[in-house]
K.L.:
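Below: one structure in structure tokens.
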Amino acid sequence: MNKPICDNPRLLRKRDLGHNYFSYTFAPCQAAGKCRPGQFVHIKLPTEAVFFRRAFSVASVDPAKRELEIIFKIFGRGTKLLSELPKGAEMNILGPLGSKFTMPRRNHEAVLVAGGVGFPPLMYLAEQMIRKGYEPGRIRFFYGARSKDDIIERSRMKKLGVDLTIVTEDGSIGRRGLVTEPVESFLDQHGSSVRLYSCGPEPMLKAVNDLALRRSIRGQLSLEAPMPCGYGVCLGCVVPLTDGGHARVCREGPVFEIGEVAL
Amino acid sequence: MNKPICDNPRLLRKRDLGHNYFSYTFAPCQAAGKCRPGQFVHIKLPTEAVFFRRAFSVASVDPAKRELEIIFKIFGRGTKLLSELPKGAEMNILGPLGSKFTMPRRNHEAVLVAGGVGFPPLMYLAEQMIRKGYEPGRIRFFYGARSKDDIIERSRMKKLGVDLTIVTEDGSIGRRGLVTEPVESFLDQHGSSVRLYSCGPEPMLKAVNDLALRRSIRGQLSLEAPMPCGYGVCLGCVVPLTDGGHARVCREGPVFEIGEVAL
Amino acid sequence: MSKTLKVTLAGVEFDNPIMTASGCCGYGEELSDIFPLTRLGGLVTKSITLNPRLGHPPPRTAETASGMLNAIGLANVGVDAFIRDKIPFLAGRKTRIIVNVAGGSVDEYVEVCRRLNDVDGFDMIELNISCPNVDRGGIQFGSDPKLTEKVVREVKKVFSRPLIVKLSPSVTDITVIAGAAEAGGADVLSMINSVVGTAVDIHTRRPRLTNNKGGLTGPAIKPIALAMVAAVYEQCRLPIIGIGGIACWQDVVEFMLCGASAVQVGTALFVDPETPVKITRGLKEYLRTQKLNSLNDLVGKLEKY
Amino acid sequence: MSKTLKVTLAGVEFDNPIMTASGCCGYGEELSDIFPLTRLGGLVTKSITLNPRLGHPPPRTAETASGMLNAIGLANVGVDAFIRDKIPFLAGRKTRIIVNVAGGSVDEYVEVCRRLNDVDGFDMIELNISCPNVDRGGIQFGSDPKLTEKVVREVKKVFSRPLIVKLSPSVTDITVIAGAAEAGGADVLSMINSVVGTAVDIHTRRPRLTNNKGGLTGPAIKPIALAMVAAVYEQCRLPIIGIGGIACWQDVVEFMLCGASAVQVGTALFVDPETPVKITRGLKEYLRTQKLNSLNDLVGKLEKY
Ligand SMILES: Cc1cc2nc3c(=O)[nH]c(=O)nc-3n(C[C@H](O)[C@H](O)[C@H](O)COP(=O)(O)OP(=O)(O)OC[C@H]3O[C@@H](n4cnc5c(N)ncnc54)[C@H](O)[C@@H]3O)c2cc1C
Ligand SMILES: Cc1cc2nc3c(=O)[nH]c(=O)nc-3n(C[C@H](O)[C@H](O)[C@H](O)COP(=O)(O)OP(=O)(O)OC[C@H]3O[C@@H](n4cnc5c(N)ncnc54)[C@H](O)[C@@H]3O)c2cc1C
Ligand SMILES: Cc1cc2nc3c(=O)[nH]c(=O)nc-3n(C[C@H](O)[C@H](O)[C@H](O)COP(=O)(O)O)c2cc1C
Ligand SMILES: Cc1cc2nc3c(=O)[nH]c(=O)nc-3n(C[C@H](O)[C@H](O)[C@H](O)COP(=O)(O)O)c2cc1C
Ligand code: FES
Ligand code: FES
């Protein structure tokens with residue numbers, strides 16, 4: 001595991017993605033070259049109005065320029081304050097933290113299932129897979145959200161060239177329904193050579209976990225939990241495991257094997 | 001006494017006066033037309049990093065435009081955070097608060113003694129005296145500070161046309177020494193027709209108070225105290241009076257008669 | 001039934017559950033410059049003692065992380081001047097008035113309450129047996145169950161309107177003191193008073209308060225207050241007024257779920273004098289969106305694990 | 001004499017007065033990824049119990065104003081796995097290692113300490129008689145002077161290195177418990193553990209912690225801790241380790257002026273893992289500008305009013 005670095009980059013670029021979504025790029029980030037898909041950074045807001053750091057998955061990096069991107073949605077107080085930071089603000093970022101997605105083998109069918117703000121780490125995973133030589137068209141990227149407004153970075157995904165299926169609950173874009181429905185059909189057509197990767201709200205992860213377990217499909221889930229420390233010392237972020245133990249989402253996770261966590 | 005108003009103006013103008021001094025103008029301020037020289041406003045910083053509001057004397061108003069100016073120096077955390085606010089920031093201001101300077105009669109010699117950041121309310125007093133018809137050249141304005149860097153708004157004072165005597169401890173501008181020295185000489189030349197007005201650090205106020213009492217000269221002092229509430233309910237800001245009681249700096253003060261407070 | 005914020009404590013009806021806490025609203029005059037006091041459910045006066053008190057010399061407040069320390073030292077005009085000069089103003093407000101009483105001995109508590117019993121213009125007494133800022137009395141009563149029971153019982157003999165007893169958090173088990181107050185005949189409990197604390201000026205190497213220590217209040221102590229309200233609610237039948245760090249309507253809902261029937265707002269009045277008005281506005285909207293008819297439906301409805 | 005941050009407690013010399021607090025630095029491994037542990041005066045392990053414990057189910061932390069609540073519930077690997085798996089790593093660090101021990105009975109405390117007495121690789125035990133997050137043991141010991149004295153006395157019989165006793169703030173008079181620990185044979189006192197508190201999720205109407213309540217820590221409680229350190233310093237001869245809300249070097253100076261000989265940093269490690277390193281840097285600079293030779297010159301030097 002890479003050692004986390006305490007760093008003070010600036011907010012280099014601030015892109016408003018609409019509907020309360022933002023892309024923030026920080027530089028110079030010493031950690032940029034070390035962050036793998038699935039890993040996260042822990043950000044101290046430059047205010048005392050929220051006490052803890054907030055965790056954000058790495059959405060992309062540019063190691064040469066030492067740039068690191070996160071994508072977030074305004075959810076509560078923390079993300080609201082984050083969204084109000086001016087360009088150029090000095091940040092306090094700890095990372096990389098947590099476990100990584102394991103890249104699929106070339107002969108595996110990679111199925112990525114993103115729900116809502118679970119999208120950024122999977123976009124990063126897809127991008128890295130392609131960089132490592134995985135054929136873009138064979139990356140089955142299922143992206144579900146409540147409605148059109150929650151589907152972001154479409155042109156970026158198009159450029160990547162992945163096989164993108166968009167699903168919204170209200171049908172305002174893409175298929176109507178739950179993202180797990182087309183995933184299920186896909187799994188039924190393809191066998192155990194599939195590798196599943198998923199990040200999103202807990203009910204969705206639970207559904208994906210169940211779908212996979214029933215078909216003995218392997219893969220990984222990225223979880224969220226409130227994280228006081230983010231680097232493993234407080235034991236605040238644990239989730240129960242199927243073997244009866246606890247694991248820290250910030251250290252053993254956020255990426256867990258399918259079947260490992262008692263969802 | 002005017003009732004204080006809770007108001008949410010914006011930071012309209014931000015002037016950097018150099019050497020950690022700033023002039024902030026807020027608008028629209030419902031209180032602008034009601035603030036008299038000596039009164040103050042209580043400002044909630046838009047951050048939870050400092051808990052209490054901070055008090056600032058009114059430095060000038062433009063009732064027609066509903067503008068209200070304060071002048072402050074970066075001192076501790078509160079004023080540092082204040083200085084970092086961007087133009088346009090929404091403020092939360094309570095005021096006008098506290099007691100006022102009583103205007104001198106036409107036949108009185110007005111002697112204004114300002115020390116450091118005690119300058120703004122006396123500038124406002126001078127300006128209002130002139131507006132009310134008091135001859136500028138007869139306003140003896142003694143302005144003392146540590147060094148040149150702490151003497152602000154010189155051109156503004158020149159425009160007002162008051163009889164300005166600048167005194168610095170290091171002699172970097174004006175007379176060298178303590179501001180009370182030339183004040184004392186002046187008092188010795190002029191009799192009991194003098195009215196003293198002073199605001200500044202406590203040792204200076206004490207000296208002014210003593211000078212005046214020894215000569216039976218009347219006048220007023222503006223005091224400071226840590227102010228949790230600013231409008232009289234917490235009893236946190238009291239000062240001992242010479243009669244043995246306590247008075248609230250935020251309510252009975254900040255302007256007290258010379259001799260009233262046990263300095 | 002229409003939506004209502006009304007609550008009833010010991011037979012006294014309050015228009016809404018928001019009162020201003022003792023020591024944080026003086027005797028009401030200054031606050032009434034900011035909003036009409038009718039907007040309050042009730043107002044609790046600064047603690048009244050037998051004789052006038054100047055309180056401790058300044059500095060007697062200090063800023064802390066999400067809170068403050070105070071050691072005012074029960075500065076007040078004394079009961080006679082209070083009755084003469086302050087009650088007339090308060091009596092004219094259309095809100096519930098609660099007179100907070102403090103003392104250095106059982107006799108002093110009793111004497112102040114006896115004098116107050118003879119006058120109209122207020123609705124209840126709140127007994128401050130929990131002030132951390134005086135040498136004799138105050139917290140000394142509130143940390144001893146026997147003394148608590150005794151002072152409450154004696155006061156009940158001379159004061160015929162309902163009695164609130166205000167508890168200190170600086171005890172090993174607040175439910176024991178609550179039980180003692182109940183046994184003595186208290187009608188309502190209010191909690192918590194401030195938590196003993198201090199702060200140091202490292203430049204002068206002196207405490208930031210001339211009293212050397214003081215009482216911690218504000219949002220910092222809200223979790224402590226909530227836990228104590230929940231504990232007393234489980235053990236005790238008396239209605240509870242929740243106090244400690246309340247600054248917004250959500251805080252009030254937290255306290256009510258833990259078992260408070262009403263609340264007091266203290267330190268938040270310094271940060272934003274309009275807090276009570278904003279809270280009642282928020283609570284009305286909350287009733288509407290939650291389709292609740294009354295806030296009473298929330299009291300003690302915390303679903304524990 | 002050259003400037004030094006060194007402090008000595010019960011004959012054990014620490015390079016500097018900054019330790020990381022129990023439960024806030026695990027068993028040291030993760031923190032050593034962030035800075036070399038030699039930068040610390042000492043490290044206090046998570047509480048160790050006789051048997052491994054999972055702790056309470058999540059959620060077991062919550063954010064509060066300038067602080068946090070936790071109800072981890074003494075999750076730990078148990079004393080045998082600790083000795084086998086964790087001590088070897090800790091023993092290799094060039095810093096003082098303090099093993100924090102918790103138990104549900106006097107026998108459990110004694111048994112854990114007996115087993116630890118047989119192993120090297122650490123310097124002291126800190127007895128946690130103040131954990132608010134378990135049903136049996138913990139705070140129950142720390143709020144009863146007789147139990148405190150007994151558990152300390154029994155542990156001293158089986159453990160021959162110096163013993164720190166960690167006190168709970170949730171008591172009426174902490175000096176009484178401090179006295180009991182001293183009577184039992186404690187070598188050092190550390191204070192404070194977290195303050196009992198809770199928080200409520202108004203949407204689900206459930207507590208924010210599955211344990212229903214937890215321990216409040218962080219800057220919010222610093223004033224409480226300072227007042228207690230000052231009170232115990234006046235009454236008790238044992239050296240004191242100050243704990244509670246420390247986040248910067250100024251906080252350390254405040255604690256030392258109140259009477260602490262050293263300090264522990266807990267919650268601040270979550271907000272900024274480099275806090276201890278920043279503090280020691282600040283303290284060095286402070287010695288220089290204040291023309292002090294040693295931090296010891298500050299201990300108890302508060303000039304009270
Ligand atoms: C590994 C990981 C990766 C994440 N990646 C992303 C991402 O890429 N994009 C994105 O938008 N979001 C991401 N999140 C979620 C993000 O960290 C925020 O916590 C979430 O958006 C909540 O928003 P907020 O802080 O605005 O909410 P708030 O309302 O401020 O906080 C939500 C609630 O959680 C509590 N809370 C917050 N943090 C903690 C904590 N550390 N410990 C205990 N309680 C806490 C708060 O007190 C509050 O009750 C990620 C979270 C994790 C754990
Ligand atoms: C009536 C009045 C008028 C003033 N006018 C001006 C002015 O025109 N220009 C100007 O520059 N300054 C003025 N001040 C001073 C100003 O209010 C700031 O308090 C002062 O500059 C301190 O700066 P700070 O907040 O940055 O310091 P900080 O370091 O943040 O605070 C200084 C210390 O005081 C404590 N403190 C601050 N406020 C309170 C409080 N309300 N209660 C208890 N403790 C408190 C802090 O905790 C800290 O220990 C005035 C003060 C008063 C009372
Ligand atoms: C400046 C100040 C003065 C206080 N004076 C009194 C008092 O005279 N009598 C009393 O019972 N409580 C007094 N209190 C305690 C408050 O009534 C209240 O119990 C406490 O502040 C906690 O509530 P809060 O966190 O909302 O402030 C005082 C509190 C403050 C801040
Ligand atoms: C998440 C967490 C876990 C803790 N676990 C323990 C523990 O196992 N044993 C113990 O004695 N104290 C424990 N504590 C208390 C701390 O050691 C310390 O006494 C307290 O946090 C106050 O210091 P702080 O404000 O610097 O955090 C824990 C504190 C936190 C925040
Ligand atoms: S957030 Fe502290 S252990 Fe995971
Ligand atoms: S600041 Fe509260 S009474 Fe003056």
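Values reported hereafter were calculated over all heavy atoms of this structure, with side chains retained and with hydrogens, waters and symmetry mates removed. A note on names: the letters A, B, ... follow the listed sequences, proteins ahead of strands, and every chain is numbered from 1.
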K.L.:
For the pair A:R248 and D:E30, evaluate salt bridge (charged side-chain N to carboxylate O under 4.0 Å, His left out) and give the outcome as yes or no after the intermediate values.
P.N.:
CA-CA 12 Å; A:R248 294 167 295 184; D:E30 299 84 0; 2.7 Å; yes
K.L.:
Between A:R251 and D:E29, does any side-chain N to carboxylate O distance fall below 4.0 Å?
P.N.:
no
K.L.:
Is there side-chain contact between A:C6 and D:F35, with heavy atoms separated by less than 4.5 Å?
P.N.:
no
K.L.:
Chain A heavy atoms under 4.5 Å from D:A62: which part of the residue, side chain, backbone, both or neither?
P.N.:
backbone
K.L.:
Are side-chain heavy atoms of A:L94 and D:I34 found at a separation under 4.5 Å?
P.N.:
yes
K.L.:
To the nearest 0.5 Å, how far apart are CZ in D:F270 and NZ in A:K44?
P.N.:
14.5 Å
K.L.:
What option among A:V50, A:N92, A:V238 has the most heavy-atom pairs under 4.5 Å with chain D?
P.N.:
A:V238
K.L.:
Taking 4.5 Å as the heavy-atom cut-off, does anything in residues 227-236 of chain A contact chain D, and if so which residues?
P.N.:
A:P228, A:C229, A:Y231, A:G232, A:V233, A:C234, A:L235, A:G236
K.L.:
Would you say NZ of A:K148 has more than 12 non-hydrogen atoms from neighbouring residues, nucleotides or ligands within 6.0 angstrom?
P.N.:
no
K.L.:
Using the test salt bridge (charged side-chain N to carboxylate O under 4.0 Å, His left out), find all partners of A:R10 that sit at least two apart in sequence or belong to another chain.
P.N.:
A:E90
K.L.:
Pick from D:G218, D:G67, D:S66, D:A75: which one has the most heavy-atom pairs with chain A under 4.5 Å?
P.N.:
D:G67
K.L.:
With a 4.5 angstrom heavy-atom cut-off, could you sort out which part of D:T267 is near chain A: side chain, backbone, both or neither?
P.N.:
side chain
K.L.:
Determine whether more than 12 heavy atoms belonging to other residues, nucleotides or ligands lie under 6.0 Å from atom CD of A:E202.
P.N.:
no
K.L.:
So which part of D:P59 gets closer than 4.5 Å to some heavy atom of chain A, the side chain, the backbone, both or neither?
P.N.:
neither
K.L.:
Is it true that, when you exclude A:K34 itself, more than 12 heavy atoms of the residues, nucleotides or ligands shown sit nearer than 6.0 Å to its NZ?
P.N.:
no
K.L.:
Is it the case that more than 12 heavy atoms not belonging to A:R218 sit under 6.0 Å from its CZ atom?
P.N.:
no
K.L.:
Any non-hydrogen side-chain atom of D:E63 less than 4.5 Å from a side-chain atom of A:R77?
P.N.:
no
K.L.:
To check you understand the geometry: which heavy-atom pair defines the closest contact between A:R53 and D:D272, and what is its length?
P.N.:
NH2-CA, 3.9 Å
K.L.:
Do A:H246 and D:R60 have side chains that approach each other closer than 4.5 Å (heavy atoms only, starting at C-beta)?
P.N.:
yes
K.L.:
Got A:F51 and D:V271 here, is their nearest side-chain heavy-atom distance under 4.5 Å?
P.N.:
yes
